[in-house]
Amino acid sequence: MDSTIILQTTLNGLMIGGVYALVAVGLTLIFGVMKIVNFAQGEFVMLGMYVSWALATFVGIGPYPGLLIVAVIMFVGGWLTFKLLIIRIIGKSDEAFILLTLGLSIFLQNITLLAFGADYLTVTTTVKDAAIRFGGLAISLPRLIAFGVALVMVAALTLFLNRTDTGRAMRATAESREVATLLGIDPVSCFAVAFGVGTVMAGIAGVLLTPMFYVYPGVGTLFNTTAFIVVVLGGMGSLTGALVGGLLIGIVEALGGTFVSLDLSQLFAFLIFLAVLFVRPSGLFGRSA
Amino acid sequence: MLDVKAISAGYGDMKVLDCVSLTVESGEAVSLVGSNGAGKTTLLRAISGLVPVWSGSIVFDGQDLGALPAHKLPALGIAHIPQGRGVLTQLTVKDNLLLGGYVPAARERRPETMKMVYDLFPVLREKESQLGGSLSGGQQQMLAIARALMSHPKLLILDEPSLGLAPIMVEAVFEIIKTISGQGVSLLLVEQNLAEALAVSTRAYVLETGRVVLHGASDELANNEHVRTAYLGI
Ligand SMILES: Nc1ncnc2c1ncn2[C@@H]1O[C@H](COP(=O)(O)OP(=O)(O)OP(=O)(O)O)[C@@H](O)[C@H]1O
Ligand SMILES: [Mg+2]
């Protein structure tokens with residue numbers, strides 16, 4: 001096997017892994033603060049893609065200039081979803097959350113299907129086919145931008161959580177809702193921010209993917225599975241774990257897809273997932289209970 | 001300042017507090033004693049809004065607390081150090097302290113308060129960037145007290161601050177509590193360590209199976225026959 005191909009594939013996987021990490025970090029934030037898994041996270045990726053497509057098609061704003069607009073729309077959307085739906089089942093059973101977010105995921109897929117049909121849509125950018133070349137390797141510009149923006153977003157989130165009062169309040173709520181309350185923190189508003197920010201992460205990931213992926217109502221399911229795997233693999237609730245896990249899964253999928261079979265690429269993600277959990281049941285960066 | 005009027009409360013349909021009344025005047029130190037499972041923690045949690053009150057009322061500075069969500073209480077000047085200390089183990093010492101001054105009024109004065117608290121507990125300054133969970137039990141109790149002070153409380157509620165501490169740390173904790181009380185902060189102190197509790201407080205209540213069975217001046221209770229046999233083992 002040619003080592004250039006291996007390197008090139010690893011690099012491609014790493015770039016996409018950055019986007020997986022972004023989706024998973026959003027999911028981890030929601031899980032860490034609220035202790036719920038949002039099974040509609042992939043649909044928020046899908047919605048980010050559609051918003052980006054709509055901006056490009058109807059307004060003429062391309063994916064990258066439109067990032068901020070999509071971020072704002074997604075935050076408002078996530079916040080409203082929280083205020084209208086999620087808030088009703090806080091303090092209820094885990095099953096209630098699973099049913100609600102699964103229901104939401106199905107609802108969002110079908111409402112998109114109704115609105116835009118089942119067609120595979122594409123978004124073009126001026127950089128779509130541009131690439132940076134060095135030493136026999138090439139990185140396509142959309143992949144590099146996706147990777148770079150994803151990493152910047154994760155870094156920004158980390159700064160927000162560590163350096164601001166709202167971020168500290170969210171970490172306090174994540175550790176103990178009761179202690180947070182005794183400090184004057186409203187856990188429910190921390191939940192709302194976590195859900196909103198988690199949604200933004202997914203939406204931004206969607207935008208970053210539009211130059212590389214077809215946009216269609218079911219595209220989110222791909223990311224639901226991957227993000228969930230990454231979150232568990234990284235160690236439920238660990239942001240570092242979600243980041244490393246995302247990159248790892250990206251690389252493994254790319255290598256498996258290239259050298260074994262493209263159809264089986266998700267299988268390799270599952271295999272790595274099982275292998276890691278076999279050795280470290282609490283995940284890569286998880287705290288054993 | 002704090003007026004608990006005939007409250008009943010419990011978990012599910014199990015009644016834990018049965019018509020309990022208690023007052024803490026401004027600047028006063030009051031202790032609440034009683035054996036395991038008497039309902040002391042439940043009473044403190046009811047005051048802080050963490051346990052719903054079935055009947056009766058709780059008034060603080062003329063305001064009915066029943067109408068307020070629990071997270072609004074710190075802004076009124078109530079700081080509650082829960083049983084087990086409530087240190088955020090995954091946050092640094094500094095972040096714990098910063099969150100102690102989370103309420104808006106305290107946030108404005110946070111840099112000065114932080115300095116004051118570090119002068120009072122130099123060990124916390126030394127360990128400010130370590131995780132709360134890495135501190136020893138005694139240091140965690142100091143952190144819990146320091147964090148409560150960050151909010152400039154009018155009423156400080158402490159639930160068994162000496163629990164699980166080495167004797168020398170117990171002494172240090174009570175020394176601090178005495179200092180805080182001397183600065184005019186009202187105290188409501190739950191303790192198993194009856195002798196120490198009665199020594200720092202002016203009045204005390206004895207709680208048995210969810211009812212106040214005795215209350216009065218701390219020095220009188222210290223000489224009370226029932227208290228001496230039941231709690232002091234003399
Ligand atoms: N979360 C809970 N759910 C159900 N019952 C509880 C709960 N917390 C306490 N209890 C019960 O309520 C009663 C009073 O408990 P509480 O913790 O208030 O007592 P305490 O006086 O603080 O005791 P200790 O000195 O052991 O801390 C006990 O019978 C206890 O088992
Ligand atoms: Mg107790």
Side-chain angles (χ1 to χ4, degrees), chain A residues 25 28-29 31-35 83 87-88 90-93 157-194 234-242 282-289, chain B residues 41 44-45 47-52 68-108 110 129 131-133 140 143-144 146-153 156-159:
Chain A
V25 161
T28 297
L29 179 70
F31 176 81
V33 177
M34 303 179 65
K35 312 296 175 236
K83 287 285 175 185
I87 203 167
R88 292 164 192 271
I90 286 176
K92 303 264 163 44
S93 64
L157 177 67
T158 309
L159 276 180
F160 167 71
L161 289 175
N162 285 323
R163 300 287 170 82
T164 68
D165 278 307
T166 308
R168 281 183 207 106
M170 287 167 74
R171 284 188 291 137
T173 304
E175 182 171 335
S176 164
R177 215 176 277 193
E178 197 163 290
V179 171
T181 306
L182 290 177
L183 294 172
I185 296 162
D186 178 7
V188 176
S189 51
C190 288
F191 294 167
V193 175
M236 309 286 281
S238 159
L239 289 186
T240 321
S282 54
L284 290 173
F285 290 81
R287 286 181 287 274
S288 39
Chain B
T41 297
L44 298 189
R45 289 166 56 83
I47 294 170
S48 287
L50 297 175
V51 164
L68 287 177
H71 71 266
K72 300 264 191 209
L73 270 52
L76 301 180
I78 299 178
H80 180 163
I81 304 176
Q83 187 166 341
R85 304 176 189 116
V87 162
L88 294 163
T89 58
Q90 303 301 319
L91 270 65
T92 62
V93 168
K94 188 174 181 192
D95 283 348
N96 267 279
L97 291 173
L98 287 171
L99 282 176
Y102 180 80
V103 296
R107 215 181 288 184
E108 284 169 19
R110 208 157 50 177
S129 47
L131 292 185
Q140 286 195 17
L143 175 57
R147 190 177 67 184
L149 293 180
M150 288 294 298
S151 69
H152 296 279
L156 179 58
I157 298 175
L158 299 112
D159 197 345

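Source: prediction; values computed, not measured. Lettering follows sequence order; numbering is per chain, from 1.
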Kindly provide each donor-acceptor pair between chain A and chain B shorter than 3.5 Å, listing atom names and distance.
unit_1  : atom_1 : unit_2  : atom_2 : d
D165(A) : OD1    : R110(B) : NH1    : 2.8
D165(A) : OD1    : R110(B) : NH2    : 3.2
D165(A) : OD2    : R110(B) : NH2    : 2.8
R168(A) : NE     : D95(B)  : OD1    : 3.0
R171(A) : NH2    : D95(B)  : OD2    : 2.8
E175(A) : OE1    : T89(B)  : N      : 3.2
E175(A) : OE1    : Q90(B)  : N      : 2.8
E175(A) : OE2    : T89(B)  : N      : 2.6
E175(A) : OE2    : T89(B)  : OG1    : 2.8
E178(A) : OE1    : R45(B)  : NH1    : 3.4
E178(A) : OE1    : R45(B)  : NH2    : 3.4
E178(A) : OE2    : R45(B)  : NH1    : 2.4
R287(A) : NH1    : Q90(B)  : OE1    : 3.2

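In terms of heavy-atom proximity, G184(A) sits nearest to P74(B) at N-CG, 3.3 Å. Nearest approach of L88(B) to A172(A), heavy atoms of both residues: CD1-CB, 3.6 Å. The shortest heavy-atom contact between L99(B) and A169(A) is CD2-N, 3.9 Å.
For the pair L50(B) and L182(A), the minimum side-chain heavy-atom distance is below 4.5 Å.
In this structure, the portions of A70(B) lying under 4.5 Å from any heavy atom of chain A include both its backbone and its side chain.
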Next item on the list: Take V103(B) and L183(A) through the side-chain contact (heavy atoms from CB on, under 4.5 Å) test and state the conclusion after the steps.
Entry: CA-CA 8 Å; V103(B) 296; L183(A) 294 172; over 6 Å; no
